[in-house]
2 protein chains.
Amino acid sequence: MENLNVCIRDKANPLQINECRNKMAANEDSFTQLSSILALTGNQVRLKILYLLNQEKELCPCDLSDILGMSIPAVSQHLRKMKDGNIVEFRKEGQTIFYSLKVEHLDLLHPFFSIINGKNLTVERYE
Amino acid sequence: MENLNVCIRDKANPLQINECRNKMAANEDSFTQLSSILALTGNQVRLKILYLLNQEKELCPCDLSDILGMSIPAVSQHLRKMKDGNIVEFRKEGQTIFYSLKVEHLDLLHPFFSIINGKNLTVERYE
DNA sequence: TGCTTATTTAAGTATTTGCTTAAGTAAGTA
DNA sequence: TACTTACTTAAGCAAATACTTAAATAAGCA
């Protein structure tokens with residue numbers, strides 16, 4: 001970035017800017033991690049898969065393909081992304097592979113499911 | 001999709017599949033809306049902007065450009081997406097435009113800010 | 001009025017995404 | 001052993017994304 005288009009208004013608070021910059025630097029890793037998880041949920045197909053896994057406990061690629069009306073490789077590739085992103089896991093039973101949500105990030109995901117179920121956000125606790 | 005690669009195992013529960021399919025159809029709009037909001041948060045730059053707006057109440061593109069170390073047009077385009085997505089709004093003061101979070105979706109966003117601040121939702125705290 | 005400042009918009013581009021089809025793997029089954 | 005079945009992986013491609021630079025807009029200010 002050349003940044004020739006600099007804003008030089010004197011109302012800006014350099015102290016505030018600097019504090020913000022430090023905070024960003026300090027939390028760089030958190031932003032990276034969280035945004036990558038949210039990117040996984042920010043796709044309609046994957047959000048549906050996550051919702052279904054939450055509701056049905058576990059499902060195989062075949063079932064998901066059937067429910068979502070899309071090809072098995074397409075589903076499989078979404079599952080791989082989420083497995084790599086550490087929000088789903090699987091177990092094998094014969095040649096069938098059952099996917100499920102990892103407990104680790106359930107707290108992040110649960111409010112999303114509540115929204116979809118129509119239980120509005122403002123009441124989003126469920127203990 | 002040609003779906004030649006169909007799974008035909010007999011263990012599948014057609015009743016379960018069908019219920020799921022109905023549920024997906026019934027909530028189609030919710031999935032579309034929520035995933036599009038989550039897609040906005042699933043970008044590191046935008047997540048940072050949202051975090052900063054939450055913390056500083058309001059900021060102009062110029063400040064954000066300065067804090068994030070990126071060009072003003074780049075910031076402006078992210079802000080536009082989020083404005084279109086209805087999660088930020090703005091007010092004008094002279095030639096300066098101050099962006100802020102829309103209250104409407106604060107409940108969805110707040111847990112993200114808590115995670116970044118280290119107040120983790122789950123058990124993995126470290127204080 | 002003309003010049004500067006703050007911001008947006010537009011056009012161009014490299015990268016990423018999400019599908020497709022085809023091929024590969026691995027666990028039953030005959 | 002060979003043939004299914006369930007799934008993954010690879011390659012290819014159209015569309016979307018996120019930046020870049022340059023031009024446009026619009027609000028002060030001299």
Side-chain angles (χ1 to χ4, degrees), chain A residues 1-12 17 31-32 35-36 38-49 58-85 88-100, chain B residues 1-12 17 31-32 35-36 38-49 58-85 88-100:
Chain A
M1 145 176 104
E2 265 308 318
N3 219 4
L4 297 167
N5 195 2
V6 184
C7 161
I8 47 172
R9 74 203 162 82
D10 46 30
K11 287 173 205 159
I17 301 294
F31 283 111
T32 303
S35 65
S36 75
L38 291 173
L40 291 173
T41 69
N43 169 285
Q44 195 171 346
V45 172
R46 285 193 297 267
L47 188 60
K48 283 179 177 174
I49 291 176
E58 55 178 19
L59 287 166
C60 61
C62 166
D63 286 340
L64 287 167
S65 153
D66 213 10
I67 296 167
L68 299 172
M70 53 190 301
S71 76
I72 291 187
V75 167
S76 179
Q77 282 156 22
H78 280 300
L79 287 168
R80 181 147 91 103
K81 278 202 169 187
M82 295 196 282
K83 191 192 66 191
D84 292 347
V88 305
E89 59 191 347
F90 64 86
R91 70 177 180 90
K92 296 181 82 169
E93 189 179 304
Q95 22 180 4
T96 305
I97 298 181
F98 288 100
Y99 281 86
S100 57
Chain B
M1 157 178 92
E2 263 308 317
N3 219 3
L4 297 168
N5 195 3
V6 184
C7 161
I8 48 170
R9 74 202 162 83
D10 45 31
K11 286 172 205 159
I17 302 294
F31 283 111
T32 303
S35 65
S36 76
L38 291 173
L40 290 173
T41 69
N43 169 285
Q44 195 171 344
V45 172
R46 284 193 298 264
L47 188 60
K48 283 179 176 173
I49 291 175
E58 55 178 19
L59 287 166
C60 61
C62 168
D63 287 340
L64 287 166
S65 153
D66 214 10
I67 296 167
L68 299 172
M70 52 191 301
S71 77
I72 290 187
V75 167
S76 178
Q77 281 156 23
H78 280 300
L79 287 168
R80 182 147 88 105
K81 278 201 169 189
M82 295 196 284
K83 192 192 66 190
D84 291 347
V88 306
E89 58 191 349
F90 64 86
R91 69 178 180 92
K92 297 181 83 169
E93 188 178 307
Q95 21 181 3
T96 305
I97 297 181
F98 288 99
Y99 281 86
S100 57

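Any value given below was found using the heavy atoms of this structure, including those in side chains, with hydrogens, waters and symmetry copies removed. Order of the sequence lines fixes the chain letters, A, B, ..., with proteins taken first and strands second; residue numbering starts at 1 for each chain.
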Return the value, rounded to whole Å, for the distance between atom CG of B/D66 and atom P of C/dT7. 11 Å
Dump the pairs, protein N or O against N or O of nucleotides 9-11 of chain C, anything under 3.5 Å, distances to one decimal.
residue	atom	partner	partner atom	Å
C/dT9	OP2	B/R80	NE	3.4
C/dA10	N6	B/Q77	NE2	3.1

Taking side-chain contact (heavy atoms from CB on, under 4.5 Å) as the definition, give me every residue that meets it alongside A/A74, ordered by chain and number, with sequence neighbours left out. A/M70, A/S71
Could you list the residues that satisfy side chain to side chain donor-acceptor pair (under 3.5 Å) with B/T32, not counting sequence neighbours? A/Q44
From CG of A/L79 across to P of C/dG18 the rounded distance in Å is 13 Å
Where do N or O atoms of nucleotides 25-30 of chain C meet protein N or O atoms at under 3.5 Å, pair by pair?
residue	atom	partner	partner atom	Å
C/dA27	N3	A/Q95	OE1	3.4

State whether A/N43 places a side-chain N or O below 4.0 Å from either non-bridging phosphate oxygen (OP1 or OP2) of C/dG18. yes
When you get a sec, tell me which of C/dT7, C/dG18, D/dA6 is the closest nucleotide to the side chain of A/R46? C/dG18
Let me know the distance between CZ of A/F98 and P of D/dC7, rounded to the nearest Å. 8 Å
What residues form a side-chain contact (heavy atoms from CB on, under 4.5 Å) with B/E89, not counting sequence neighbours? B/S100, B/K102
Interatomic spacing from CG in B/L79 to OG in B/S65 - rounded to 0.5 Å: 10.5 Å
For B/I97, side-chain contact (heavy atoms from CB on, under 4.5 Å) partners two or more places apart: B/F90, B/K92, B/Y99
Calculate the interatomic distance between B/K81 atom NZ and C/dT8 atom C1'; express it in whole Å. 16 Å
Set of residues satisfying side chain to side chain donor-acceptor pair (under 3.5 Å) with respect to A/Q77, sequence neighbours excluded: none
For B/V88 and B/I49: C-alpha separation, side-chain torsions, deciding distance, then whether side-chain contact (heavy atoms from CB on, under 4.5 Å) applies. CA-CA 10 Å; B/V88 306; B/I49 291 175; 5.8 Å; no
Between D/dT25 atom P and B/I72 atom CD1, what is the distance in whole Å? 19 Å
Grab the CD-P distance between B/Q44 and C/dT16 for me, whole Å please. 14 Å
Which nucleotide in D/dC7, C/dC19, D/dT21 has an atom nearest any side-chain atom of A/A74: C/dC19
Shortest non-hydrogen separation from B/G85 to B/L40 and the atoms involved: CA-CD1, 3.9 Å
Interatomic distance where CD belongs to A/E58 and P belongs to D/dC7 [whole Å]: 12 Å
Does B/T96 make a side-chain N or O approach to OP1 or OP2 of C/dA6 shorter than 4.0 Å? no
Over how many whole Å does the gap from B/L64 atom CG to D/dC19 atom C1' extend? 17 Å
Give one of base, sugar-phosphate or nothing for B/F90, where a contact means two heavy atoms less than 4.0 Å apart. nothing
For D/dT8, does either OP1 or OP2 sit under 4.0 Å from a side-chain N or O belonging to A/Y99? yes
Can you name the residues that form a side chain to side chain donor-acceptor pair (under 3.5 Å) with A/S36, not counting sequence neighbours? none
